[in-house]
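Before any comments, here is the structure.
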Amino acid sequence: MSSENGVTGEGAEGAPPEQLALIRESVRKAKVPRAKPRTWRGAALAKQLPVARVLVDKGVLHLDRYFDYAVPEELDADAQPGVRVRVRFGAGRGRVRDGRREGGGLIDGFLIERLAESDYSGPLAALAQVVSPERVLSEELLGLARAVADRYAGSLADVLQLAVPPRSARAEQRPSPAPLPPPGAPQAGSWGRYERGSAFLESLATGGAPRAVWNALPGPEWSEELARAVAATLSSGRGALVVVPDGRAVARVDAALTAVLGEGRHAVLTADAGPEKRYREWLAVRRGAVRAVVGTRAAMFAPVQDLGLVALWDDGDDSHSEPHAPQPHAREVLLLRAAQDKCAFLLGSWSCTVEAAQLVESGWAGPLVASREQVRAVAPLVRTVGDQDLARDEAARAARLPTLAWQAVREGLRHGPVLVQVPRRGYVPRMACGNCRAPARCRHCSGPLEGQESGAALKCGWCGREEPAWHCPECGGFRLRAQVVGARRTAEELGRAFPAVPVRTSGREHVLDTVPGAPALVVSTPGAEPVAEGGYAAALLLDGWAMLGRPDLRAGEDALRRWIAAAALVRGQGAGGTVVVVAEPTLRPVQALVRWDPVGHAVRELGERAELGFPPVSRMAAVSGTGEALAGFLSAVELPVEAEVLGPVPLPVTTGGGPRRVGAPPVGEQWERVLVRVPPGRGAALASALKAAQAARMAARGEGVVWVRVDPPDIG
DNA sequence: AGCACGCCGACT
DNA sequence: GTCGGCGTGCTC
């Protein structure tokens with residue numbers, strides 16, 4: 001070890017650390033060249049490993065650089081890897097005031113590791129404070145955070161902000177309960193309904209790391225099935241983590257875990273628990289007192305010790321997408337965790353995303369599915385009402401309520417509650433074929449065509465090219481129509497049509513958890529459907545057009561997922577359960593609903609995405625900023641050679657007032673956006689290029705900010 | 001981002 | 001000579 005860089009503990013006999021700055025001050029006055037490293041001669045430093053490598057928590061500024069600090073002797077014991085520290089961080093060589101050296105202000109950081117010496121050639125400042133001896137940042141969590149930062153071209157500090165909850169001293173003071181010994185292996189329960197279900201549980205219980213995409217049968221059993229997978233993993237002596245989309249799902253899995261495991265074996269991590277309780281639960285997990293976790297998306301980082309299983313429910317739900325930078329998706333984070341910890345992976349849903357299908361198609365995960373007979377036995381009968389039916393149906397055109405729907409509701413109400421799903425308001429209409437309703441796409445890059453004012457040319461939402469002579473590649477038609485919105489009124493009319501029956505509503509403001517099994521009309525927006533005791537007798541899914549006409553790539557998948565989520569609450573067709581969907585029966589998502597084949601739908605969708613160069617087969621990133629800032633960024637970034645830049649296109653100007661959209665430019669500023677697309681396998685190269693350019697831009701003080709978003713959710 | 005350092009023109 | 005303009009670059 002070199003005494004040149006000082007921090008070797010060699011100078012313990014000299015001046016106290018505060019005087020270091022004075023020493024350096026006099027050195028400077030003596031005009032010794034500054035390049036020569038000076039020593040911390042005289043500082044009372046830790047005798048072993050006197051250097052602390054620290055991640056300074058200061059936004060995007062540093063982009064994953066560590067800074068070395070000297071460890072004063074009195075902090076030696078507490079300054080362990082993983083603790084929160086405070087350090088002085090600021091410009092210049094520091095001023096001297098009252099005999100103390102003062103850099104910038106005190107800022108927070110994490111102690112990453114202790115070293116014998118630093119590779120930094122200047123003098124080291126001392127750690128100012130160890131905030132608490134609790135080692136919150138484990139090596140695994142750091143590795144995961146780093147992988148997530150790389151995947152999303154974000155900074156480590158940003159990811160750690162998502163991964164480590166704010167400290168609460170009171171929560172730290174309390175001792176966590178003593179860990180319980182592993183439970184015995186559970187029964188397979190209803191996992192026997194799936195072809196390889198029992199084998200999957202067996203593998204978990206014997207320490208294996210199976211990976212599966214699980215297409216769950218409709219009905220309420222899924223939460224118990226998840227709980228049994230957790231129990232099997234615990235019985236192997238390992239920990240397990242379950243991430244679900246919302247508080248209602250957490251409550252279901254929580255109850256199932258209590259039923260299967262008993263009290264005290266699992267923690268619940270949700271954002272709405274309040275900071276102290278949340279940190280207390282998190283600490284119990286970190287300390288190894290609790291080995292099983294269920295929670296919403298922030299729990300994806302839960303520091304479960306000796307992780308044996310990560311499980312995710314309903315990855316198509318967009319609440320799995322973290323809104324804070326760098327906006328990681330729970331599915332991708334859990335994929336990274338499964339790879340890093342070599343643990344089992346379970347991705348379950350009633351429906352199926354293209355990403356899930358890709359995991360199976362690529363061979364990374366196996367399918368966990370029930371036989372067609374099983375599906376037919378538990379799924380409701382699905383019927384459709386398309387345009388032709390509506391055209392023939394004069395009464396329906398007036399009331400917008402088709403006869404078939406009317407009959408299904410009336411018949412259903414004789415046997416129990418009937419669910420009516422109405423879409424939420426607020427999606428942008430885009431252009432589709434007026435004849436067959438296929439979305440109108442750009443012939444160059446397959447982006448969505450956006451309608452201008454009537455008469456004006458169509459323009460691509462991705463590359464900005466005009467389309468002067470569009471015709472439909474599906475049916476040859478060349479009439480366009482904007483997709484229409486609006487359905488709440490239909491439900492109100494429905495309520496008036498059945499005056500003897502109570503109408504209950506469940507939506508954003510007021511979400512019902514369950515409804516009794518008595519006849520009632522239950523009007524709900526997607527995602528807010530209450531569970532009915534004994535299942536709904538029937539469900540009516542209104543305005544499929546609105547759902548399918550949504551601008552983004554996932555319109556079909558999303559519509560199917562929402563329909564299936566509602567239909568999964570309906571009794572099986574053997575028990576008379578019926579679903580009526582008002583949508584064209586020739587459309588692919590509608591057919592998939594009728595056949596109850598979400599996996600087949602996702603597989604076909606995946607094939608198409610591969611052909612068109614869409615994610616998740618290729619990877620995309622969106623970069624946005626003012627025209628000037630964007631141009632500057634694009635001229636500086638060294639993209640992988642395969643990368644394709646689409647655009648720029650102007651973004652809609654954010655207007656003041658009303659709810660601010662996440663990811664929208666500052667109010668009143670005209671921003672532009674490009675999409676960058678790379679082929680399979682080049683995602684990491686793309687992310688690293690974008691990150692490097694961002695970092696260089698910060699250092700060079702480039703004009704204006706650009707936002708980088710890997711896996712943009714709204715690509716048309 | 002702050003903040004100090006440094007290399008140029010007008011002042012006691 | 002030296003006080004201080006803001007252009008550059010660093011922060012352990």
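Chain A is the first sequence line, chain B the second, and so forth, proteins listed ahead of strands; every chain is numbered from 1. These values consider heavy atoms only, across backbone and side chains, with no hydrogens, waters or symmetry-generated copies.
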Once you round it to whole Å, what is the distance between [atom2] of [N] and [atom1] of [X]?
X	N	atom1	atom2	value
A:Tyr66	C:dC12	OH	P	18 Å
A:Ile107	B:dC3	CD1	C1'	14 Å
A:Leu111	C:dC12	CG	C1'	13 Å
A:Arg88	B:dG2	CZ	P	16 Å
A:Arg65	C:dC12	CZ	C1'	8 Å
A:Leu127	C:dT11	CG	C1'	16 Å
A:Leu124	C:dC10	CG	P	17 Å
A:Asp68	C:dC10	CG	P	17 Å

Are the ring of A:Phe67 and the base ring of C:dC12 both nearer than 5.5 Å at their centres and tilted by less than 30°?
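No, the aromatic ring of A:Phe67 does not stack with the base.
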
Under 3.5 Å, is there a donor-acceptor pair between the side chain of [X] and the main chain of [Y]?
X	Y	answer
A:Arg619	A:Arg682	no
A:Arg677	A:Gly613	yes
A:Arg146	A:Leu156	no

Give a yes or no on this: more than 12 heavy atoms of other residues, nucleotides or ligands lie within 6.0 Å of atom CD of A:Glu139.
no

